[in-house]
Amino acid sequence: MNIAQPGGRIAILASGRGSNAQALIEACRSGRINGTVVLLGSNRPTAPVLDRARTAGIATWAEDSRGIADRRAWDLAFLQHIAAADPELIVLAGFMRRLDAEAIAPWYGRMINIHPSLLPAYPGLDTHRRVLEAGDRVHGASVHFVSAELDAGPVFAQCRMPVRDDDTAESLATRLLPREHRLLVASVAHCIHGDIRLNGSSVLFRDRPLTTPLSID
Ligand code: GRF
């Protein structure tokens with residue numbers, strides 16, 4: 001093991017602001033996760049998350065996915081670059097692209113995603129608005145293993161918070177974000193430390209089947 005890079009090797013994929021990526025980078029630095037972020041990959045070469053990674057001294061790989069004719073070829077090539085960094089775990093943290101099933105298949109059980117809803121409710125976009133429109137009293141975020149279907153792989157951890165009468169989509173997003181950071185850090189720690197793993201389509205927590213997602217609030 002390289003002394004400068006302790007613990008598990010983590011690659012992060014992100015497309016935008018990168019606050020979740022930043023939380024992971026800091027958790028690795030402080031030892032809350034016994035791991036190292038070995039690469040940050042993005043499909044948006046101007047995404048702010050790339051500057052955050054560079055400032056933290058983390059290697060980056062960025063390639064624009066817009067206007068690509070052959071989506072599968074792009075996804076395969078992109079993940080090949082990520083694989084070259086030899087990560088144990090790939091974390092999608094605000095990665096706004098649905099990857100091709102063939103490209104993600106080799107990573108099944110080693111690729112996780114954070115999604116801002118209590119899955120299986122509200123896969124896809126605009127989750128905060130949809131929660132308000134439905135009149136839900138509780139909102140939250142989920143971390144799940146990535147499978148071929150959008151936001152539908154096995155969920156293993158969630159955080160929850162009440163919806164207030166005066167909430168807007170923006171206020172929900174703002175209040176959820178710090179909870180997402182805690183949820184993602186705890187989830188990645190569980191994966192990297194070997195507490196959580198996938199066995200077929202069942203999640204095991206410390207070698208026992210996990211029947212309901214871990215609650216991380
Ligand atoms: C988060 O809400 C995440 O759940 C969603 O996109 C947002 C990304 O935020 N998929 P950031 O880029 O990590 O700040």
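These numbers were taken from a predicted model, which means no experiment stands behind them. First listed ligand is number 1; within each ligand, the first listed atom is number 1.
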Colleague: Check for a donor-acceptor pair, side chain of T168 on one end and backbone N or O of S171 on the other, with a separation under 3.5 Å.
Modeller: yes

Colleague: Below 4.0 angstrom, N of the basic side chain to O of the carboxylate: do D136 and R130 qualify?
Modeller: no

Colleague: Identify whether the distance between the nearest side-chain nitrogen and carboxylate oxygen of D165 and R137 falls below 4.0 Å.
Modeller: yes

Colleague: Name the option, out of A173, G18, G16, that contains the heavy atom nearest to atom 12 (O) of ligand 1.
Modeller: G18

Colleague: Which is closest to atom 4 (O) of ligand 1 in terms of heavy atoms, H181, E180, R17?
Modeller: E180

Colleague: I'd like to know if R54 and D51 make a salt bridge, using a cut-off of under 4.0 Å between side-chain N and carboxylate O.
Modeller: yes

Colleague: Going by the order shown, which atoms of ligand 1 are within less than 4.0 Å of some heavy atom of P116?
Modeller: 4 (O), 5 (C), 10 (N)

Colleague: Please report whether the ring centroid of H115 lies less than 6.0 Å from that of Y122.
Modeller: no

Colleague: Of all the atoms in ligand 1, which lie at a distance below 4.0 Å from a heavy atom belonging to G94?
Modeller: 6 (O), 8 (C), 10 (N)

Colleague: If the cut-off is 4.0 Å to any non-hydrogen atom of I114, which atoms of ligand 1 fall inside it?
Modeller: 4 (O), 10 (N)

Colleague: Could you tell me if S42 and R44 have a donor-acceptor pair between their side chains, going purely by distance under 3.5 Å?
Modeller: no

Colleague: Answer yes or no: does an N/O atom from A93 fall short of 3.5 Å to an N/O atom of ligand 1?
Modeller: no

Colleague: Any nitrogen or oxygen of N20 lying under 3.5 Å from a nitrogen or oxygen in ligand 1? Just yes or no.
Modeller: yes

